[in-house]
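Scroll down for the structure; my scribbles are underneath it.
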Amino acid sequence: DTEVTQTPKHLVMGMTNKKSLKCEQHMGHRAMYWYKQKAKKPPELMFVYSYEKLSINESVPSRFSPECPNSSLLNLHLHALQPEDSALYLCASSQRANPGDIQYFGAGTRLSVL
Amino acid sequence: GESVGLHLPTLSVQEGDNSIINCAYSNSASDYFIWYKQESGKGPQFIIDIRSNMDKRQGQRVTVLLNKTVKHLSLQIAATQPGDSAVYFCAENYGGATNKLIFGTGTLLAVQP
């Protein structure tokens, strides 16, 4: 089983709203990732968590706040987003955060900021 | 044929033909490369990977070739099927101690029946 589950599938929010994206995996993976993907573009790495600790933040604006409450869960808290933040947000996990560990992706949350 | 422009590069092939999708990577220090397939409305799906100490790796109907001299990667799909229609991304591990992937532009494979 290589399933990464993301909820919700779709989200529409206003610029003053606070919302959260959720990602879950039960493969025993200890590395989890958030990516942002704009239409017709490749995924871009935002954050990497290794053993529930943030190990990479790709200079992401503070209106995106990641959280890894346990080894199976990864959240992305959203606050005061801009319309240009509308995108597909992808979560991935891998066994460890070592080079060569295959990253398995969820189906994503399609976010629209109005 | 293949086209590059304002839109995603597209490769159009006939069902049953072989497909070759190309990718140029940027970092000569990258030591691990992966091909992902992304169907409409889905997340990227792992297809095949290759390490920099290899120049060829085969899977089921797919082959990845790595040319480190010119920093080029290709994915060959044998007997292309309609279910192969998707966007294909190459990704490189950007070196260092962490599993940080940098994705290429992507190629849309359109399989004509």
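To find a chain, count down the sequence lines: A is the first, B the second, and so on, and within it residues start at 1. Values in this document were obtained by computation on a predicted structure and should not be read as measured data.
Each of A/Met46 and A/Tyr33 belongs to its own hydrophobic cluster when Ile, Leu, Val, Met, Phe, Trp and Tyr are linked at side-chain heavy-atom distances under 4.5 angstrom. Linking ILVMFWY residues whenever their side-chain heavy atoms come closer than 4.5 Å, directly or via other members, places B/Trp35 and B/Val13 in the same cluster. Criterion: ILVMFWY side-chain heavy atoms under 4.5 Å apart, direct or through other members. Under it, A/Leu76 and A/Val12 are not part of a common hydrophobic cluster. Under the 4.5 Å side-chain heavy-atom criterion for ILVMFWY residues, no single connected hydrophobic cluster contains both A/Tyr104 and A/Phe47. Note: the hydrophobic cluster containing A/Leu11 does not contain A/Leu73 (ILVMFWY, side chain heavy atoms under 4.5 Å, direct or indirect links).
Taking each heavy atom of A/Pro43 and B/Phe103 in turn, the nearest pair found is O-CD1, 3.7 Å. Closest heavy-atom contact between A/Pro42 and B/Gly104: CB-O, 3.0 Å. Of all the heavy atoms in B/Asn99 and A/Arg96, the pair that sits closest is ND2-O, 4.3 Å. Nearest heavy-atom pair, B/Thr98 versus A/Ser55, reported as atom, atom and distance to 0.1 Å: CG2-OG, 4.4 Å. Smallest separation of non-hydrogen atoms from B/Asn93 and A/Gly100: ND2-N, 4.4 Å.
A/Lys38 NZ: more than 12 foreign heavy atoms inside a 6.0 Å radius. A 6.0 Å sphere centred on CD of A/Gln95 holds no more than 12 heavy atoms belonging to other residues, nucleotides or ligands. Within a 6.0 Å radius of CD in A/Glu84, other residues, nucleotides and ligands contribute more than 12 heavy atoms. Atom CE of A/Met15 has 12 or fewer heavy atoms from other residues, nucleotides or ligands within 6.0 Å. Atom NZ of A/Lys19 has 12 or fewer heavy atoms from other residues, nucleotides or ligands within 6.0 Å.
Of the two parts of A/Gln6, neither the backbone nor the side chain holds a non-hydrogen atom closer than 4.5 Å to a non-hydrogen atom of chain B. Only the side chain of B/Tyr32 comes within contact range of chain A, with at least one heavy atom under 4.5 Å from a heavy atom of that chain. Of the two parts of A/Glu44, neither the backbone nor the side chain holds a non-hydrogen atom closer than 4.5 Å to a non-hydrogen atom of chain B. Heavy atoms of B/Phe33 lying under 4.5 Å from chain A are absent altogether.
Between chain B and the options A/Lys9, A/Arg110, A/Gln103, A/Gln37, heavy-atom pairs under 4.5 Å are most frequent for A/Gln103.
Here the NZ atom belonging to A/Lys41 is positioned 9.0 Å from the CG atom belonging to B/Leu8, to the nearest 0.5 angstrom. In this structure, OH on A/Tyr35 lies 4.0 Å from CG on B/Leu101, to the nearest 0.5 angstrom. Atom CD of B/Gln38 is separated from atom CG of A/Leu90 by 6.5 Å, given to the nearest 0.5 angstrom.
A donor-acceptor pair under 3.5 Å is absent between the side-chain atoms of B/Gln45 and the main chain of A/Phe105, judged by distance alone.
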Checklist entry - Passes side-chain contact (heavy atoms from CB on, under 4.5 Å), A/Ile102 versus B/Asp49? Steps please. => result CA-CA 8 Å; A/Ile102 298 169; B/Asp49 58 358; 4.0 Å; yes
